[in-house]
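Residue numbers start at 1 and run along the sequence shown. This one's a predicted model, so the numbers in the text were calculated from it and none came from an experiment.
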Amino acid sequence: MAAPEDFFQKLQKLERYRICIGKEWERFGNYQYSRILKLRLNTRIDDLDHGIKKLVKRTQDLELEELKGVKIALKELTDEERVSQLQRLHIRNGLDIESIINDKTEIPQLQSLTLQGLPQLVSFCSQDKIDATSLSQRELPLFGEKISFPLLEKLHLSSLNVTRDIEEETQATMTLSLFPQLKSLELKDLQHLRGFGFNSQNKVIEFPLMKAMTMYNCPNLESFICRYSREGNQRISSQSDLFDNKVAFPSLEEMSISYLRKIKMIWQNPLPPNSFPKLQQLTVKGCDKLLTIFPSNFSFTKIRAISVSVCRSLKNVFPASIAKDLPQLGYLEIHDCGVEEIVSKLEEGSDSETAVNFEFDKLYALVLWKLQKLKCFYPGKHTAKWPMLKELVVGGCRKMRIFGTQLNTNNGQLESPIHPPLFLVEKVIPKLQLLILDSDYIAMISDSQFSSSLFHGMKSFRVVGHGAESNDFRISFLERFYTLENLTISYYEIKELFCTEGDTGNEEMYAGTLSTIRNLKLEAFNNLKDYLWKQDVQVDHILPKLETLQVHFCCNLICLGSSSASFQNLTTLDVQFCETMEYLDTCLAIQGMAQLKKLMVRDCISMTEIVATEGDEATCDIIFSRLKSLELVNLPRLKNFCSGNHTFGFPCLEELIVSGCPELEIFCKGVLTNPPLLQEVECGKDNGHWCSDLNNTIQEMYSIKAGFQAIEYLVLSEFSSSIEIWRENIHGGLDLKKLKVLEVYECNSMTYIFSVSMALDLAQLEYIKVKKCPMMEHIIKEGAEETEMATLLLPMLDKIRLESCSRLTSFCMGSISLQCPSLHKIAVDDCPKMYAMASTREQEDIEVVGREKTPFFNHKVLCANLWRLELSSTNIKKLWPDKPDSAISFNVLNLEILSVNGCHNLEYIFPSFLVRTFEGLRQLSLLDCEKLEEIIFTDGLATVAEEGIPQTYLFSKLQKLELNRLPKLRTFCHQENSETNTLFSQKVAFPSLDDLRIVGVGKCRKIWQDKLTTDSFHELTLLLVEHCDKLSRVLPFDMVERLEKLKILEISECESVEEIIGLADDHGHNSNESIELKSTTKFVFPKIRQLILRKLPKLKGFYSKVHTTDWPLLKQLEVHECSKVETFAGEYINFRETQGESQPVISVHQPLFWVTKETFPNLEELLLIGNGNIKVWHGQGADPKQYCPKLRKTTFNELLTCEGARDENEHAGTLACLKAIHIEEFQLEDKCYGKAKIEGKVEIICFRKLLYKELWEMPFHCRLYCSLLESFIVLHLYMHLHIFEPLSLKCTMKKGCSLL
């Protein structure tokens, strides 16, 4: 509806006004300004009434959003040269804005300035752009010499493309002329920003009034004020500190810095006088290269709260000089960092024998979470006091002892070098009110001797599991918490909530009582199937005083599954984000909730009703006699409260909220007694409905589509009524401004979801999921009438998942650009025609015109914060363009996880020019891509860096690399003049890689070149090589010394592998030929715990020359179906000593392992399966037992022989240490190799093919003399006997023992 003529002219006389023009704005709050104007336009600014432009002159608070076709914002909005009244200016999402004012416009009273989502913004003043003809637009400063903000207090800049904010020549006088009153500064999502300002002058710049500063996601920021020197036209800067000693903030109280990727230090030492003396709160997050936070020899005595997270290069948090003087520190959080110690050791020259005293007199909360490298609090003698500690959160710190007792200390003094516990339980635990631990510490406390009385004062406790690794929670552990009221259990994979393991190892129902617990929260129990607990669990006995139950993110529950007595004292029930839950509970269970006062059910997408009727259950009266508040929010499939013919009553119900339930047609189908105290049904903020009674009200809300009003969670499917309403919404009648989650399932006729005009409303959309829509071609499609739109902004979109859509070709189709600044995850699975995120033509057109290879990402898609990309079974031909594009480069800066599976048209992953931008990549998984020939595409040309050194492509943070079923993969990166079909050449380096899996890489003849890249592969902890059929050797000789951290080595099903380690010159030596008597090579694998050699039919030996191997930590060894291995182990002797110098060679067969007493000192489990007639041992008379002193379990299925025995008793004690023997398909032969004497407990003996009626008739090498046998268990016995007779054992047993 148009405004009356002269309407806005009349408004000029008003002293107070609040005017909003455009699509829905948030309701006004308490604003400090009396004249407010907000414009959000869907037309060009030229179409505005001239009276509106006149209003701007007198407006104090001006907000502009989504201005179209505007180059200079205020120039085109007002005819005035001086906007003298304006005090607050916020401009957002102006996709065409290049400047804010021209050189004639002044804003002398401006106090607050926000510029957000202006991708084309070049400078604040348009004249600066005209004057600076020698600089590119991106090099221009945002604020030049012509700008002055004498009263500006708040400056917030977000999602701009500027490189620096302030003109460098104005730096020295900045505080006097530009921002003298600045109190709050926020810099956010500025991808190109290198500095708030540049300055070549050696002067201290002071911000005297600034109290709060936030810098977020500015990955190229080099320093707050960049210092540089000039060499000709070049500007040279080597800064890596955020604040140098020439910038001061005497009033700063709060500082937050996040995702500043280039910063190595926050402060330069020393700091200038009067710098940061009032700092109270510091937050540091996601600064990958940060090495140091606090400088030494400085004081931060006012600081109250410190939070440091996701800084994986950080080795410590405080120098000792700072940590000793933090009298006000109340909150300390360190999360997911690389710290090895909290406090670094005192500087050299200090007395190392004197204990350092740390007193945290006001620290009330301490969080140490996911610190995998943390070893100690302080690496030296020290004492630590925590008198006020009330809240403790500890988890994922497996290398550090957190709790200890006074019995292990010296007068309370904790000593080095043995890393002491962080806390003495006697001093800390009794004072705690809140304790959060992960499952590791639960087990530790349960197994310890800590007195139960230590936990008597604790009110709140939370235990956090490790997902799939946490499948056992000892509920009896909670009995030691005498006063516990609040309990939260999160991220456990237990199958039964109140089951516990008994003495016999069987699961038993917990029979104890936890009488003090009033509030219970269960979170992320994904292994609980169908019901929360078994029907026969007596919850009322276990938790007799339970008042509040919260069930969140339990993704496999159908319902709570409680009995009628489970919740007899429950007053509050809160269920959220249980995506498979179909109903809350049955009528019988609900009847037991007599005390319930508040019921909340939110974000359960599968829920169709709240109360279900089971089978032939009779009708009944269900009276919620005390229920005062009922919330049903974001339940997109909910059809009614109950579909049964029961009678419901709500005599005390005062509040009913029904929001985001578009399928809710009627409240209940049975008899409903109208709630006497209920006056309306709330549907969104300040939006109520009432129509005579509750059922009529719900029916009316359904008819007027109230469930779609301000809807946050919407599910569309072919058989829902919502899909019909959606189809009627092609012209944009529905209100989608609040929509956060959209899921579309099995919509068989829908070809696209949004037009561009509809998508403009999706300012709050966070997640979109589309699954099994066979006709879907695009998610967003530009119509013919929408061609004027240049860019579509989805500012909050965080995650996209597209699955099983057979005709889907792109996410967005049209000439429009798609900007998603918050997008973190994209997953596409089983969409065989999808080839691009954004396309300008239909797929059929592309196939007709030249079959061009459109990249999945192009300049039409901007998602600078993309973190995870998963692509499976798509038609993608290439991921990124072949030519450099700045927009594409910034799309991948933050990418950490890339997974590509079943994309058979891909020939490569990275164009070479783009590799350096993948700075944050941590995980790369490439699976089942039939045409993939190389990972990095160089077009066959070697890139040469300076001074003729070949370019190395560095993946500095890559931790996991999986290459699986890639039959055509020849190399990771092609290198001229290199050996063909070598996977890793000198052109690639992986300094952080710890998990490498190579499976089914059919063309790979060598994994590594003989000459390896420096500082690469040193961090490997897992190496898996499988189904690489052309591989003859796995490790080059020089690779072994890099495997100091390797823990798991598995080589399986590689049909051509002859040896594990190749010769230094790669000239093989047949392992069965005579061995030259030269110096012996020794290979040491210091950390390997598991070694598996499986199905290697050509394997002859570990290394073809005389050698020894040391495996000091190896616990499990498996050799499976390696038929050419003739001898498993051989006793190593010095051949030169035994044969003399005159005999150059000795003729022996190479065993798989030459062993000494140092070879397998900790081997516990040995498996030898399917290796033909392998000889277990070749020796010259020594007892083999001494080489495996800790062997406890063996598994064999063939005849095992020991060569070199001179008589039958020589190896009689070989198996004396075994606790378990597993023998499969053991067909005995009549040969004598010695007695097998087994002492202790034999847990498993399994004979599948036994050709003797009695054990006593076996040959000597298989007799069991059990002089100390305590128990003998035949687990399963399959006898192939001519005459079946019971087995008999001749043994001498301990008194009182029985034979099973």
Would you please classify the geometry between the [Y] ring and the [X] ring as parallel, tilted or perpendicular, with 30° and 60° separating the classes?
{"X": "Phe196", "Y": "Phe224", "value": "parallel"}
{"X": "Trp880", "Y": "Phe857", "value": "parallel"}
{"X": "Tyr259", "Y": "Tyr216", "value": "perpendicular"}

Task: From CA spacing to verdict: side-chain contact (heavy atoms from CB on, under 4.5 Å), Lys285, Ser256 - done: CA-CA 8 Å; Lys285 182 177 182 179; Ser256 174; over 6 Å; no
So [Y] and [X], do their side chains get closer than 4.5 Å, heavy atoms only?
{"X": "Leu121", "Y": "Ile91", "answer": "no"}
{"X": "Lys71", "Y": "Ser99", "answer": "no"}
{"X": "Leu794", "Y": "Ile780", "answer": "yes"}
{"X": "Phe856", "Y": "Leu869", "answer": "yes"}

Backbone N or O of [Y] within a donor-acceptor pair of the [X] side chain at under 3.5 Å?
{"X": "Lys740", "Y": "Tyr767", "value": "no"}
{"X": "Thr840", "Y": "Ser815", "value": "no"}
{"X": "Asn865", "Y": "Asn894", "value": "no"}
{"X": "Ser822", "Y": "Pro795", "value": "yes"}
{"X": "Arg35", "Y": "Glu15", "value": "yes"}
{"X": "Ser839", "Y": "Met813", "value": "no"}
{"X": "Gln60", "Y": "Ser34", "value": "yes"}

About how many Å separate [atom2] of [Y] and [atom1] of [X], when rounded to the nearest 0.5 Å?
{"X": "Leu115", "Y": "His156", "atom1": "CG", "atom2": "NE2", "result": "11.0 Å"}
{"X": "Glu766", "Y": "Leu739", "atom1": "CD", "atom2": "CG", "result": "9.5 Å"}
{"X": "Leu113", "Y": "Leu86", "atom1": "CG", "atom2": "CG", "result": "9.5 Å"}
{"X": "Met213", "Y": "Phe207", "atom1": "CE", "atom2": "CZ", "result": "7.0 Å"}
{"X": "Lys262", "Y": "Asn220", "atom1": "NZ", "atom2": "CG", "result": "4.5 Å"}
{"X": "Glu63", "Y": "Ile36", "atom1": "CD", "atom2": "CD1", "result": "8.5 Å"}

- [ ] State whether Lys38 and Glu65 are salt-bridged, where the test is any N-O pair (Lys NZ or Arg NE/NH1/NH2 against Asp/Glu carboxylate O) under 4.0 Å.
- [x]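 The answer is no: the pair does not qualify as a salt bridge.
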Task: Salt bridge present between Glu186 and Lys154 (N-O < 4.0 angstrom) - done: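 No salt bridge links Glu186 with Lys154.
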Task: Single hit among Glu153, Gln87, Arg88 for side-chain hydrogen bond (donor to acceptor under 3.5 Å, both in side chains) with Gln111 - done: Gln87
Task: Worked check of side-chain contact (heavy atoms from CB on, under 4.5 Å) between Leu242 and Leu221 - done: CA-CA 8 Å; Leu242 185 58; Leu221 190 75; 3.8 Å; yes
TODO: For side-chain contact (heavy atoms from CB on, under 4.5 Å), just list the numbers for Leu792 and Leu760, CA-CA rounded to whole Å, side-chain angles, deciding distance to a tenth of an Å, and then say yes or no.
DONE: CA-CA 7 Å; Leu792 172 62; Leu760 290 174; 3.8 Å; yes
Minimum heavy-atom separation for [X] and [Y], please, with both atom names.
{"X": "Arg261", "Y": "Gly286", "result": "NH1-O, 3.5 Å"}
{"X": "Cys226", "Y": "Gly195", "result": "SG-CA, 3.9 Å"}
{"X": "Asp241", "Y": "Ser223", "result": "O-OG, 3.0 Å"}
{"X": "Cys218", "Y": "Leu193", "result": "SG-CD2, 4.4 Å"}
{"X": "Ala763", "Y": "Met796", "result": "O-CG, 3.0 Å"}

Open item on the list: I need the single residue from Asn217, Leu862, Leu793 that forms a side-chain contact (heavy atoms from CB on, under 4.5 Å) with Pro821. Which is it?
Closed with: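 The option that passes is Leu793.
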TODO: May I have the step-by-step check of side chain to side chain donor-acceptor pair (under 3.5 Å) for Tyr33 and Thr59, ending in yes or no?
DONE: CA-CA 9 Å; Tyr33 304 106; Thr59 294; over 6 Å; no
